[in-house]
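Computed from a prediction, not measured in an experiment: that's the story for all the values here. Note that the numbering runs from 1 along the sequence shown for the chain. Scope of the values below: all heavy atoms of this structure, side chains included, with no hydrogens, waters or symmetry mates.
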Amino acid sequence: MGNPASDTRKATEKRRKRYEARLGPGVYLPKQERLAVNAEMEKFAAAEKERLAKVKAEREAKRKAKKAAPKPAAAPAPEEAKA
């Protein structure tokens with residue numbers, strides 16, 4: 001049973017979460033707020049894409065530097081004891 005007002009609120013919240021899951025964040029907001037949220041999300045996505053590209057370039061540079069580094073000379077084999 002329960003409180004009818006609580007049941008309505010829960011149903012509304014579930015519907016809002018389903019809409020957001022399907023259509024993206026801010027879909028249930030008024031138009032001006034939704035546009036602001038979408039603009040912020042686009043800024044964040046662009047910054048994240050740029051950060052990932054930078055990390056990838058650094059990783060590649062590190063990998064190339066490791067390959068290009070001179071390998072230490074192999075230690076000479078121990079000589080047999082001279083008698």
Side-chain angles (χ1 to χ4, degrees):
M1 251 181 124
N3 182 353
S6 177
D7 292 345
T8 302
R9 181 183 54 79
K10 286 180 184 176
T12 302
E13 186 70 15
K14 285 182 181 179
R15 182 175 61 245
R16 184 186 63 78
K17 286 185 178 184
R18 283 195 308 265
Y19 275 31
E20 284 190 354
R22 189 178 74 225
L23 301 173
V27 72
Y28 214 70
L29 295 172
K31 186 173 183 176
Q32 291 302 321
E33 292 177 31
R34 184 174 63 241
L35 293 176
V37 167
N38 288 341
E40 287 297 319
M41 293 299 287
E42 287 175 13
K43 281 186 200 174
F44 177 75
E48 186 66 13
K49 189 174 182 180
E50 184 178 314
R51 186 188 69 81
L52 289 176
K54 184 178 177 184
V55 167
K56 185 176 180 180
E58 288 175 357
R59 191 178 314 129
E60 286 295 324
K62 197 181 239 185
R63 192 174 293 143
K64 285 181 181 179
K66 188 175 181 182
K67 275 188 175 181
K71 294 182 180 179
E79 293 183 28
E80 302 254 346
K82 293 182 180 177

Query raised in the report: Can you find a pair of side-chain heavy atoms, one from Glu48 and one from Leu52, that are under 4.5 Å apart?
Result: yes
Report summary line: Only residue of Lys10, Arg16, Arg9 satisfying side chain to side chain contact (heavy atoms under 4.5 Å, CB included) with Glu13 is Arg16
Query raised in the report: Between Glu60 and Arg63, is there a salt bridge with N-O shorter than 4.0 Å?
Result: yes
Query raised in the report: Taking Lys54 as the fixed residue, which of Arg51, Glu50, Glu58 is the one that meets the side chain to side chain contact (heavy atoms under 4.5 Å, CB included) rule?
Result: Glu58
Query - Cluster check Leu29, Met41: I/L/V/M/F/W/Y, side chain < 4.5 angstrom - result: yes
Requested in this report: Measure across Thr12 and Tyr28 and return the closest heavy-atom pair with its distance rounded to 0.1 Å.
Outcome: CG2-OH, 4.4 Å
Query raised in the report: Are the side chains of Val37 and Arg34 in touch, meaning some heavy atoms are under 4.5 Å apart?
Result: no
